[in-house]
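Comments concern the structure below.
Each chain gets a letter, A, B and so on, in the order the sequences are listed, and its residues count up from 1.
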Amino acid sequence: MKLLTHNILTSKCLKGVTVGYPLGIVCHTQAKEVKVNEVEFNPEFISRMIQKVDWPALCKAAENLGHSDDLPPAVVDDYENNEEFLKKAHHFLMEIEVINGDLICPETGRKFPVTDGIPNMLANEDEV
Amino acid sequence: MVKLMKRKELEQHLQELDGFSKPKILLEQYETRAHIAACMLHTIESAYGDLCGKTVLDLGCGCSVLGVGSVLLGASYVLGVDIDEEALKISTSNINQFELNEVDLLHTDVKILPLLLRGTQKFDTVVMNPPFGTKHNKGLDSLFLEIGLQCLSDKGVLYSLHKSSTRDYFHRKAPSWKVEARVLAELRYDLPATYKFHNKTSVDIEVDFWRFEKKN
Ligand SMILES: C[S@@+](CC[C@H](N)C(=O)[O-])C[C@H]1O[C@@H](n2cnc3c(N)ncnc32)[C@H](O)[C@@H]1O
């Protein structure tokens with residue numbers, strides 16, 4: 001699961017949950033829980049994503065993974081022309097991948113497991 | 001801009017993908033054949049430019065034929081969603097076989113998908129070959145379509161396959177869904193022998209390739 005995908009997901013499907021965002025991320029303690037892939041950098045695409053992404057949620061996700069060191073805390077002005085910033089955004093949104101762990105509903109604490117990179121967001125009938 | 005891959009070449013690549021190993025009849029698991037998938041995706045990109053540089057939702061992705069093909073034609077990000085864990089495992093191996101890093105997978109029921117997506121972050125393009133909604137799943141084809149439309153951004157476009165017998169119904173529904181609906185092609189689709197829902201080894205059914213564009 002990329003952090004771009006994490007940035008999209010909410011737990012609003014659960015009964016009683018009003019915002020359900022952002023989901024916490026907890027990684028299991030073994031190694032290999034987070035992977036970094038190489039993805040081709042497309043500045044126009046990343047600029048377009050930055051307009052849609054919830055930046056604070058991305059920062060929090062990076063922090064949950066202990067990777068926040070070089071992610072700027074806010075979107076910089078004129079980011080379209082700031083290649084260094086776009087490359088960082090690209091790295092965090094597209095290249096960091098959560099392999100095994102849990103996504104956690106911020107309101108109920110309900111865990112959604114991530115296994116082999118795939119989040120399981122099925123909910124039982126009595127939960128929705 | 002990169003040159004668009006030829007349709008024939010795309011088809012050859014898609015032929016290398018694994019299909020369902022044990023198709024589940026209740027989930028209507030039959031993969032889109034490489035030939036049809038290549039025709040669909042090539043048209044989507046060559047005629048409308050709706051894949052290259054786009055975010056794509058592959059709804060009911062199965063083994064991710066449509067998702068992988070989308071990336072081969074330049075999609076920047078694909079999210080494949082399916083309810084079936086085994087299908088998703090096959091997807092993972094297909095995606096790895098092509099060494100693609102643009103596809104993410106999500107294990108869930110499409111029925112709750114609109115609630116799982118944050119409001120502002122919708123998709124540019126949806127591609128799907130939904131269950132035809134036969135027998136046990138009456139209306140599932142239409143439900144997939146409505147859900148796909150809810151996951152689209154304001155100017156988004158959805159491409160889908162539906163039985164030709166439902167053509168009038170979708171044309172009638174289009175205005176209330178605020179979409180411009182067009183049948184791009186009529187196909188003969190052979191439901192394969194693996195899909196033993198029918199007694200014969202395979203049956204040809206008539207299927208429409210649709211384009212639904214959001215009107216705002
Ligand atoms: C006809 S197959 C198409 C698979 C793939 N998109 C392709 O083109 O080869 C339909 C897919 O929808 C999935 N499916 C059926 N019901 C679903 C549901 N309620 N939520 C998510 N996926 C579902 C099935 O598991 C199956 O993979």
Problem - side chain to side chain contact (heavy atoms under 4.5 Å, CB included) evaluation trace for Leu106(B) with Ile118(A) - result: CA-CA 6 Å; Leu106(B) 175 63; Ile118(A) 305 177; 5.7 Å; no
Handout entry: Residues that Asp70(A) engages under side-chain hydrogen bond (donor to acceptor under 3.5 Å, both in side chains), provided they are two or more places apart
Key = none
Practice task
For each of Leu88(B), Leu105(B), Leu79(B), Leu116(B), tally heavy-atom pairs with chain A at distances under 4.5 Å, and name the one with the top tally.
Solution key: Leu116(B)
Completion exercise
Rounded to the nearest 0.5 angstrom, the CE-CG distance for Met121(A) and Leu113(B) is 9.5 Å
Interface of chain A and chain B, donor-acceptor atom pairs under 3.5 Å:
| unit_1 | atom_1 | unit_2 | atom_2 | d |
| --- | --- | --- | --- | --- |
| Lys2(A) | N | Asp104(B) | OD2 | 2.6 |
| Lys2(A) | NZ | Asn101(B) | O | 2.4 |
| Thr5(A) | OG1 | Tyr77(B) | OH | 2.6 |
| Thr5(A) | OG1 | Asp104(B) | OD2 | 2.5 |
| Asn7(A) | O | Arg118(B) | NE | 3.3 |
| Ile8(A) | O | Arg118(B) | N | 2.7 |
| Thr10(A) | N | Leu116(B) | O | 2.7 |
| Thr10(A) | OG1 | Leu115(B) | O | 2.8 |
| Tyr21(A) | OH | Arg118(B) | NE | 3.3 |
| Glu38(A) | O | Asn101(B) | ND2 | 3.0 |
| Arg48(A) | NH1 | Asp124(B) | OD1 | 3.1 |
| Arg48(A) | NH1 | Asp124(B) | OD2 | 3.3 |
| Arg48(A) | NH2 | Gly53(B) | O | 3.0 |
| Arg48(A) | NH2 | Asp124(B) | OD2 | 2.8 |
| Lys52(A) | O | Arg118(B) | NH2 | 2.7 |
| Lys52(A) | NZ | Lys122(B) | O | 2.9 |
| Pro119(A) | O | His107(B) | N | 3.0 |
| Met121(A) | N | His107(B) | O | 2.8 |
| Met121(A) | O | Thr108(B) | OG1 | 2.9 |

Handout entry: Value rounded to 0.5 Å, distance of CG in Leu115(B) from SG in Cys13(A)
Key = 6.5 Å
Exercise for the section: Give, as side chain, backbone, both or neither, the part of Val17(A) having an atom under 4.5 angstrom from any heavy atom of chain B. Expected result: neither
